[in-house]
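To keep things clear, I will list the structure first and then write my remarks on it.
As the structure lists them, so they are numbered: ligands from 1, and atoms in each ligand from 1.
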Amino acid sequence: MAVHTRASIRPSDLNIEPSSAALLSGEQIQSAVEGVLSSTEFIDIHTHLFAPEFGNLGLRGIDELLTYHYLEAELFRSSPIRPEQYWTLSKQEQADAIWRALFVENSPISEATRGIVAVLQAFGLSTDAFDLREARAFFEAQPVEAHLRRVLKLAGVNAVVMTNDPLDPAESRVWENGGLKDRQFHAVLRLDRVLWGWSSHWKLLASQGYAVDERASGNSVNEIRRFLADWCARMRPLYMAVSLEDTFRFPDESVTNKILTEAVLPSCQEFDRPMSLMIGVRRQVNPAIRLAGDGVGRADLRAVENLCRSFPANRFLVSMLSRENQHELCVYARKFSNLMPFGCWWFMNNTSVVEEITRERIEMLGTSFIPQHSDARVLEQVIYKWRNTRVTLAKVLGDTYRSLNADGRAVTRLDIQRDVKRLFRTNFEQWTGLQRG
Ligand code: RAT
Ligand code: ZN
């Protein structure tokens with residue numbers, strides 16, 4: 001019986017470039033992987049960036065880059081400055097202090113400091129200057145819109161997903177005055193203040209005209225659903241999202257669980273939106289250092305198991321903050337096809353950990369997960385964050401395809417293209433219906 005192998009199918013049969021369908025030798029695999037990674041434009045599925053219409057909410061430039069809370073945490077380890085003193089400084093003075101402590105007096109070898117070096121290098125700026133004059137002058141001279149497009153091109157990203165808080169007055173003003181127009185940006189309905197901060201925020205919903213009470217009792221659930229419906233209509237979010245403490249449990253008697261199961265998940269179903277759960281933060285372990293003061297704790301993933309089983313018609317995007325939870329997350333993804341692991345979040349977004357997590361995910365899930373998001377808060381961060389991701393993925397995928405080749409299955413550039421596209425685009429597009437939008 002004739003066996004049709006991929007070697008016997010001619011490229012012309014499939015209407016593709018002949019070179020893409022050629023079987024790669026072990027030595028050719030690495031450069032093919034690198035080529036595909038650099039030529040595939042990614043979707044950045046979780047950031048804190050904003051489209052131009054959100055004005056000053058969108059952070060950019062050297063002072064914002066240097067005062068990123070990841071770097072603030074490092075400042076207090078390498079400088080005698082006290083947090084109370086630091087918070088009295090102007091933004092430029094803060095950036096100067098960080099530059100001096102972490103880039104002049106020490107080598108910038110941490111992940112976050114190397115990121116700054118990579119950004120300066122990407123724009124041809126000096127990476128070892130004594131002060132920030134040159135960098136400031138450069139960023140100040142960049143026209144907002146053109147700079148934004150240039151940065152996204154440099155990062156190899158063509159779609160950016162924001163984090164949109166419906167209870168932030170600065171944001172609501174934009175949504176109420178025309179909202180999002182930019183086609184490269186997409187909204188996400190972020191529900192932290194509703195889901196875990198209900199006791200301090202329910203009055204904000206009440207002030208927007210929703211009849212809710214402190215215990216989310218009576219008709220509150222219907223009113224929260226009305227609130228969600230209104231914001232879905234306004235934002236057209238790709239998904240709804242919340243970050244949760246390491247102590248999150250499901251089921252339990254909390255208001256968080258009540259709102260999640262009786263309002264948010266039913267609304268996700270109604271509007272056919274996935275729910276993103278980012279689990280494992282320990283809020284304000286050290287409040288003196290503000291945004292940098294959150295920590296991490298190992299969570300109990302039985303909560304995710306119970307949610308995936310109890311809500312089979314819902315889709316869950318899940319990222320865990322603790323390294324100790326990563327393997328279990330893969331196991332649960334093998335049990336529940338309505339669970340999509342994504343990204344290496346925050347303290348996980350370091351080269352060594354990304355490599356470990358990504359290898360584990362490929363071994364357990366093939367290409368059925370989303371390897372990374374940038375979590376960028378300042379525009380230019382996408383340059384180094386996505387560059388690092390591509391470098392790590394090149395190593396991991398290169399090894400994976402070489403092993404496959406050694407096992408006896410030939411690999412083509414086309415296979416690699418399809419897989420990289422699935423990891424960094426299609427999985428997300430299919431879960432959110434992005435291409436339909
Ligand atoms: O990574 C971060 O910048 C964190 O502060 C958080 O914003 C986290 O990513 C989140 O979305 O809650
Ligand atoms: Zn984030």
Do the ring centers of Phe139 and Phe123 come within less than 6.0 Å of each other?
yes

Counting N and O atoms only, with roles assigned by atom type, does the side chain of Ser322 sit under 3.5 Å from a partner on the main chain of Glu324, one being a donor and the other an acceptor?
yes

Tell me, which protein residue and heavy-atom name are nearest atom 1 (O) of ligand 1, and how many Å apart are they?
Tyr70 OH, 2.7 Å

Can you see whether Glu72 engages Tyr86 through a side-chain donor-acceptor pair at a distance of less than 3.5 angstrom?
yes

Side chains of Asp44 and Trp386: do they bring a donor and an acceptor to under 3.5 Å?
yes

With ring pair (Phe, Tyr, Trp, His ring centres under 6.0 Å) as the criterion, how do Trp431 and Phe342 come out once you've worked through the C-alpha distance, each side chain's angles and the decisive distance to 0.1 Å?
CA-CA 12 Å; Trp431 269 51; Phe342 80 93; over 10 Å; no

What is the name of the N/O/S atom of His48 that is nearest to the Zn ion (ligand 2)?
NE2

Return yes if some donor-acceptor pair links the side-chain N/O of Glu356 with the main-chain N/O of Ser352 below 3.5 Å, else return no.
no

Counting only heavy atoms closer than 4.0 Å, does ligand 1 sit against the backbone of Arg190, its side chain, both, or neither?
side chain

Please report which non-hydrogen protein atom sits nearest to atom 9 (O) of ligand 1, along with the residue it belongs to and the distance in Å to one decimal place.
Asp375 OD1, 2.7 Å

A student checking ligand 1 against His46 at a 4.0 Å heavy-atom cut-off should list atoms 9 (O), 11 (O)

Shortest protein heavy-atom distance from atom 3 (O) of ligand 1, along with the residue and atom involved:
Arg377 NE, 2.8 Å

Do the non-hydrogen side-chain atoms of Glu223 and Leu205 ever get within less than 4.5 Å of each other?
no

Quick test: of every protein heavy atom, which one is nearest to atom 8 (C) of ligand 1, and how far off is it to 0.1 Å?
Trp345 NE1, 3.3 Å

Are any of the N or O atoms of His69 closer than 3.5 Å to those of ligand 1?
yes

Suppose we only allow N, O or S atoms; which atom of Asp375 ends up nearest to the Zn ion (ligand 2)?
OD1

